[in-house]
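Worksheet: the structure to be examined is printed underneath.
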Amino acid sequence: MDSTTESVPTRCGYVAIIGRPNVGKSTLLNHLVGQKLSITSRKPQTTRHNLLGVLTEGNSQMLLVDTPGIHQPRDRAINRMMVRNAVSVLKDVDLVLLVIEARGLTADDELVIAQLERTQARTYCLINKIDQLADKSRLLPLIEQLAGLNCFSEIIPVCALRGEGLDQLKTLMAEAVPEGPHLFPPDQLTDRSERFVVSEIVREKLMRRLGDELPHRITVVVDSFQQRDALADIRATIYVERDSQKAIIIGRGGERLKSIGRDARLDIEKFLDCKVMLRLWVKVKEGWTNSDSTLQHLGYD
Ligand SMILES: Nc1nc2c(ncn2[C@@H]2O[C@H](COP(=O)(O)OP(=O)(O)OP(=O)(O)O)[C@@H](O)[C@H]2O)c(=O)[nH]1
Ligand SMILES: [Mg+2]
């Protein structure tokens, strides 16, 4: 056969992004896909659900799965569920990206590395946040230490925030996924609904505006979502565990809730590419973080 008519086989595979909380997994997924799909914040345990982001590069389609940070779940059902979800993807993927921070391995990273025994897939170690290292020569001993663990087929320094090192990563991923037909059309970026992304955007604004503890006691449910012409009319409820938490979110004269709603609306308008009317309610659902059945009812799988 004439080599110019030979078709190159397509490739497609699942790629899990795992790591301890706050190392930059969701930032990485967003940068790779080129759209903000997964919420991020400087607080640990921001991501609660596995989220698929589709990256199509030439013949290769990579189905990236962002996961909640793996940690030692203490008392709450929601934390156990998050860690269960994160480690559950390991057995089904073709490639694992294990993310750590450039400042060095921690005991929590080692907890994540121990989970690699659940997977047969090749694993790349991404050293993220290299922008935070004033002295780049400090990377060398870390790379040596990681190589000595004998569990990574590539070790790649990156800065997910600025997209540095990601072209090389894309090339390596595109070669690593197996031959097979693409499972998503190239313009579909996630398998999650718009409702889901909208509820997450509201939760992100809450995470960013509130103290360290309260965000972990909050969840958001979109009650109605109607899109007509160039306007989306959205109603959502913010659930908390106690009246005192409700008062904090609403703020004096409703000011805090108003500004959270404004921030969320601007991001939702960008995401949906239309005008948005967003109405938010705050309700108390006692103990929702520690009841498997309530979690399920609130959309946690
Ligand atoms: N300086 C710097 N900050 C980064 C980089 N990547 C991510 N961050 C920041 O690190 C924080 C955590 O990022 P996320 O993407 O939410 O981290 P995550 O691993 O998804 O966290 P969880 O969902 O809680 O497990 C955010 O404040 C990001 O802006 C980077 O390359 N450099
Ligand atoms: Mg995350």
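We use all heavy atoms of the structure for the numbers below, so side chains are in, but hydrogens, waters and symmetry mates are not.
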Nearest heavy-atom neighbours spanning Cys12 and Pro181: CB-O, 3.3 Å
Answer whether the closest heavy-atom distance between the side chains of Leu126 and Val23 falls below 4.5 Å. no
For Val284 versus Glu241, what's the shortest heavy-atom pair and its separation? CG1-O, 3.4 Å
Walk me through whether Lys36 and Glu204 qualify under salt bridge (Lys or Arg N to Asp or Glu O under 4.0 Å). CA-CA 12 Å; Lys36 173 131 180 209; Glu204 180 185 77; 2.5 Å; yes
Do Gln227 and Glu194 make a side-chain contact, defined as non-hydrogen atoms from C-beta onward lying under 4.5 Å apart? yes
Looking only at side chains, do Asn50 and Thr67 share a donor and an acceptor under 3.5 Å apart? no
Which of these, Thr219, Val221, Ile250, Leu206, sits in a side-chain contact (heavy atoms from CB on, under 4.5 Å) with Ile238? Leu206
Side-chain H-bond candidate by donor/acceptor type, Gln35 with Asn30, under 3.5 Å: no
Using the rule that Ile, Leu, Val, Met, Phe, Trp and Tyr join whenever any side-chain heavy atoms are under 4.5 Å apart, tell me whether Leu32 and Val96 fall into a single cluster. no
Step-by-step side-chain contact (heavy atoms from CB on, under 4.5 Å) determination, Val15 to Asp94: CA-CA 6 Å; Val15 182; Asp94 302 291; over 6 Å; no
More than 12 non-hydrogen atoms from neighbouring residues, nucleotides or ligands closer than 6.0 Å to CD on Glu286, yes or no? no
Can a donor-acceptor pair be found between the side chains of Glu179 and Thr10 at a distance below 3.5 Å? no
Looking at side-chain heavy atoms only, is the closest gap between Asp108 and Val112 below 4.5 Å? no
Does the side chain of Val54 come within less than 4.5 Å of Thr190's, by heavy atoms? no
Hey, are the side chains of Leu97 and Leu28 touching, using non-hydrogen atoms and a 4.5 Å cut-off? yes
Would you call Glu200 and Arg203 a salt bridge, using N to O less than 4.0 angstrom? yes
NZ/NE/NH1/NH2 to OD/OE distance under 4.0 Å, Arg20 and Glu110: no
Do His71 and Val83 have side chains that get closer than 4.5 Å, going by heavy atoms? yes
Check the angle between the aromatic planes of His49 and Phe196 and answer parallel, tilted or perpendicular using the 30° and 60° thresholds. perpendicular
Grouping I, L, V, M, F, W and Y whenever their side-chain heavy atoms are under 4.5 Å apart, do Met81 and Tyr239 come out in a common cluster? yes
With a 4.5 Å limit on heavy-atom distance, are the side chains of Val158 and Ile127 in contact? no
For the residue pair Gln61 and Val177, establish whether any side-chain heavy-atom pair is separated by less than 4.5 Å. no
Could you grab the distance from atom OG1 of Thr40 to atom CE of Met207, nearest 0.5 Å is fine? 10.0 Å
Hey, are Arg279 and Asp233 close enough for a salt bridge, meaning a charged N less than 4.0 Å from a carboxylate O? yes
Charged N-O contact under 4.0 Å between Asp263 and Arg208: no
